[in-house]
Amino acid sequence: MQITVMLTGTDFDNILSKFKVTGKITSVQPFGSGHINDSFRAISDTGNTYLLQRINHFVFKDIQGLMDNIANVTRHLKGKLTNIPGSNPEREVLLLVENNNNGYYIEDDNGNYWRVFHFLNNTKSYDQVATETQAFEGGKAFGRFQALLSDMDPDLIVDTIPNFHNIEHRLSNLDKAIAADAAKRVGSVDDEMEFVNRRRELMSRILSLGRAGILPKRIIHNDTKFNNVLLDESDHAQCVIDLDTVMPGYVAYDFGDAVRTIINTAPEDEPNLERISLNMALFTAYVKGYLQQAVDFLTDPEVNSLIEGALLLPYMQGVRFLTDYLDGDKYFKIHSPEHNLQRTRAQFALVNKLEEKKDVLTNTILSTWNKYKKT
Ligand code: GN1
Ligand code: MG
């Protein structure tokens with residue numbers, strides 16, 4: 001469910017006074033383009049800048065577990081980076097601001113949950129990739145992120161959203177939405193359902209390989225949209241953000257979700273499907289950056305699974321948008337009445353394009369891997 005409480009009238013001063021922020025807050029502005037949480041950039045008269053976020057507690061039901069995950073993950077990343085010469089832990093890892101009781105979030109009088117991060121100044125994020133340098137840097141950032149977490153104790157992580165990237169679970173939710181037809185929209189999604197049904201078995205491959213013990217579960221990011229990497233002014237990767245869904249999963253999921261946003265020449269919700277095509281140069285650059293950083297821990301079966309992830313993630317994203325459309329737009333923020341259907345169609349058009357080029361994409365992955373792989 002979306003949070004319906006209006007944010008206008010929110011007493012930001014009061015909320016921020018419960019955190020260890022310095023000085024007097026002089027401005028609070030909406031920030032970013034996330035579909036789930038609400039983010040604000042707050043500036044204080046000391047010149048410090050903060051990212052204030054209202055956590056969507058209808059989506060994230062275990063707020064304490066979520067915040068413990070983030071605290072543990074950022075601690076681990078910082079510890080690792082401190083021992084890597086040339087790295088800058090202060091700028092390469094998100095830093096939480098404590099509340100006045102040394103915790104990491106507060107609950108306000110309306111039952112909303114809030115947290116604060118130090119804002120990383122002089123960084124930017126892109127909803128769409130423009131250059132090969134950006135794609136390469138994004139690949140490096142997510143590859144390094146996985147590499148740094150590859151020795152973290154999985155017991156320190158709780159599942160913030162169980163079955164998040166489990167396609168069987170997502171398809172079962174879609175089937176339930178079809179059966180319930182809560183928004184009376186089932187009649188308008190025949191083509192989309194046919195698209196989904198033709199690929200059900202094919203898209204379970206990663207899960208099957210995981211169950212067979214061929215693919216290991218690792219701690220992954222689970223939301224590797226390109227705009228979740230902050231780049232510096234010269235477009236070098238600085239920091240991976242949005243750690244809400246860091247949970248165990250298969251590396252192909254992170255690869256696929258990044259490719260979903262990087263290779264597409266159009267936005268995630270492009271209404272004109274003819275504009276959706278593949279930018280192969282950006283794909284190649286991403287693969288190079290990613291494999292350069294991941295070469296030390298990836299296994300051959302994992303590398304072979306990456307292409308499956310690239311097909312699965314836009315499919316799964318389309319299934320999720322379609323489910324929400326049928327449910328009556330309860331999960332993702334929408335900006336027009338048919339937005340979730342438009343997003344679904346754009347994601348399925350992308351799947352079509354990826355399927356057409358599957359062999360070329362696979363060759364790019366394998367030839368890059370063979371170059372990096374230590375003999
Ligand atoms: C949501 O809120 P945002 O943009 O970080 C969603 C992702 C989707 C994405 C689609 C917790 O992420 O899984 O891939 O929208 N996050 C959650 O744009 O569901
Ligand atoms: Mg997110």
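All values derive from a computational prediction rather than experimental measurement. Order of appearance sets the numbers: ligands from 1, and atoms from 1 within every ligand.
Note: Phe255 and Phe283 have perpendicular aromatic rings, judged against thresholds of 30 and 60 degrees for the angle between ring planes. Aromatic ring pairs are classed by plane angle as parallel below 30°, tilted from 30° to 60° and perpendicular above 60°; the pair Tyr250 and Tyr253 is perpendicular.
Annotation: Phe40 is not in aromatic contact with Phe31 [ring centroid separation under 6.0 Å not met].
Of the possible polar contacts, none joining the Gln347 side chain to the Arg343 backbone as a donor-acceptor pair under 3.5 Å is found. Distance alone, capped at 3.5 Å, places no donor-acceptor pair between the His339 side chain and the Lys333 backbone.
Considering backbone and side-chain N/O atoms, Ile36 comes within less than 3.5 Å of an N/O atom of ligand 1. Looking at ligand 1, you won't find any N or O of Thr245 less than 3.5 Å from one of its N or O atoms.
Contact annotation: the side chain of His221 approaches that of Val240 to within less than 4.5 Å [non-hydrogen atoms, C-beta and beyond].
Taking a cut-off of under 4.0 Å to the non-hydrogen atoms of Tyr331, the atoms of ligand 1 that pass are 11 (C), 17 (C), 19 (O). Heavy-atom proximity to Glu268, at under 4.0 Å, picks out these atoms of ligand 1: 10 (C), 18 (O). For ligand 1 and Gly34, the ligand atoms under 4.0 Å from any heavy atom of the residue are 2 (O), 4 (O). The contact set between ligand 1 and Phe60, taken as ligand atoms under 4.0 Å from a residue heavy atom, comprises 11 (C). Close approach to Asp242 involves these atoms of ligand 1, each under 4.0 Å from a residue heavy atom: 5 (O). Against a heavy-atom cut-off of under 4.0 Å, Lys225 is close to the following atoms of ligand 1: 3 (P), 4 (O), 9 (C), 10 (C), 15 (O), 18 (O). Near Gln317, the atoms of ligand 1 lying under 4.0 angstrom from a non-hydrogen atom of the residue are 8 (C), 10 (C), 14 (O).
Arg260 counts as a contact of ligand 1, since one of its heavy atoms falls under 4.0 Å from the ligand. Between Arg320 and ligand 1 there is a heavy-atom distance shorter than 4.0 Å.
A side-chain N or O of Asn227 and one of Asp127 form a donor-acceptor pair less than 3.5 Å apart.
Among Asp257, Asp223, Asp324, the residue whose heavy atom lies closest to atom 7 (C) of ligand 1 is Asp223.
In this structure, the salt bridge (Lys or Arg N to Asp or Glu O under 4.0 Å) partners of Arg144, at least two apart in sequence or on a different chain, are Glu92.
Within the 4.0 Å heavy-atom criterion, neither part of Met316 lies near ligand 1.
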Step by step, would you call Gln53 with Tyr113 a side-chain hydrogen bond (donor to acceptor under 3.5 Å, both in side chains)?
CA-CA 8 Å; Gln53 287 187 310; Tyr113 294 88; over 6 Å; no

